[in-house]
Amino acid sequence: MTGQITRLNPPQLHATPGYHHITVVEAGRTAHLAGQCPLDAAGELVGPGDLDAQIEQVAANALTALNTVGAGPEHVVRSVIYVVSDDGPVLGAAWRRLTSSVIGPAFTTASTLLGVAQLGFSGQLVEVDLTATLPH
């Protein structure tokens with residue numbers, strides 16, 4: 001438990017690779033981050049065709065956004081990850097890369113990983129959508 005966040009994995013549900021089936025937030029304010037994209041401060045796509053480089057930029061951007069509202073990855077209560085791929089090993093590699101990134105603790109919460117056909121920016125391979133509870 002982190003503050004007012006409880007993460008649960010009921011024994012009746014399948015084991016997970018790090019996320020929790022249920023995240024409960026007792027009360028408080030939440031921050032809903034826009035989908036974090038692999039763009040630098042100038043709005044330029046980082047790492048065209050390089051999923052690892054794009055994940056690192058997305059993680060850095062998400063950390064900046066969380067820190068701006070006084071939160072950290074440990075305050076995330078829901079995540080959705082979008083990866084341009086229908087290949088299971090690519091999706092698994094993206095998960096492992098994100099969980100070992102600077103925002104890795106964000107993915108111990110209720111998380112969803114989706115393979116998609118396309119994202120908003122030309123050449124974009126990954127996007128992360130986060131919701132965090134704000135500490136008092």
Identify the heavy atoms of [X] and [Y] that sit nearest to each other, and give their distance.
| X | Y | result |
| --- | --- | --- |
| G28 | Q4 | N-OE1, 4.4 Å |
| A65 | Q36 | CB-OE1, 4.2 Å |
| G70 | P135 | O-CG, 3.1 Å |
| T23 | R7 | OG1-CG, 4.1 Å |
| A62 | I103 | CB-CD1, 3.9 Å |
| P10 | I22 | CG-CD1, 3.8 Å |

- Query: Given V46 and E44, is the side chain to side chain contact (heavy atoms under 4.5 Å, CB included) satisfied, shown in steps?
  - Reply: CA-CA 6 Å; V46 170; E44 298 295 322; over 6 Å; no
- Would T109 and Y19 count as a side chain to side chain contact (heavy atoms under 4.5 Å, CB included) if you check the C-alpha gap in whole Å, the side-chain angles of each, and the deciding distance to 0.1 Å? CA-CA 5 Å; T109 188; Y19 67 89; over 6 Å; no
Short question: side chain of [X], backbone of [Y] - any donor-acceptor pair under 3.5 Å?
| X | Y | answer |
| --- | --- | --- |
| W95 | I81 | no |
| D129 | V80 | no |
| Q54 | G123 | yes |
| T131 | V77 | no |

From [X] [atom1] over to [Y] [atom2], what is the distance, rounded to the nearest 0.5 angstrom?
| X | Y | atom1 | atom2 | value |
| --- | --- | --- | --- | --- |
| T99 | F107 | OG1 | CZ | 8.0 Å |
| E74 | T133 | CD | OG1 | 11.5 Å |
| L39 | Q124 | CG | CD | 6.5 Å |
| L63 | S101 | CG | OG | 8.5 Å |

Does any non-hydrogen side-chain atom of [Y] lie less than 4.5 Å from one of [X]?
| X | Y | answer |
| --- | --- | --- |
| T30 | L134 | no |
| L13 | N9 | no |
| P73 | V102 | no |
| Y82 | L125 | no |

If you group Ile, Leu, Val, Met, Phe, Trp and Tyr by side-chain heavy-atom gaps below 4.5 Å, do [X] and [Y] land in one group?
| X | Y | answer |
| --- | --- | --- |
| F121 | L33 | no |
| L119 | L130 | yes |
| V128 | L91 | yes |
| V25 | V76 | no |

- Item | Pairing residues for E127 by the salt bridge (charged side-chain N to carboxylate O under 4.0 Å, His left out) criterion, not counting sequence neighbours |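 Not a single residue meets the salt bridge (charged side-chain N to carboxylate O under 4.0 Å, His left out) criterion with E127.
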- Message: Just to verify, which of V90, V116, L114 counts as forming a side-chain contact (heavy atoms from CB on, under 4.5 Å) with S85?
- Response: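 Going through V90, V116, L114 one by one, the side-chain contact (heavy atoms from CB on, under 4.5 Å) with S85 is satisfied by V90 alone.
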Are [X] and [Y] close enough that a side-chain donor and a side-chain acceptor fall under 3.5 Å?
| X | Y | answer |
| --- | --- | --- |
| H14 | T16 | no |
| N61 | Q57 | yes |
| S111 | R78 | no |

- When you look at CG of D87, are more than 12 heavy atoms from neighbouring residues, nucleotides or ligands closer to it than 6.0 Å?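 Counting neighbours around CG of D87, more than 12 heavy atoms of other residues, nucleotides or ligands fall under 6.0 Å, so yes.
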- Check the pair V83, L51 against side chain to side chain contact (heavy atoms under 4.5 Å, CB included), reporting the backbone distance first and the verdict last. CA-CA 9 Å; V83 179; L51 182 58; 4.3 Å; yes
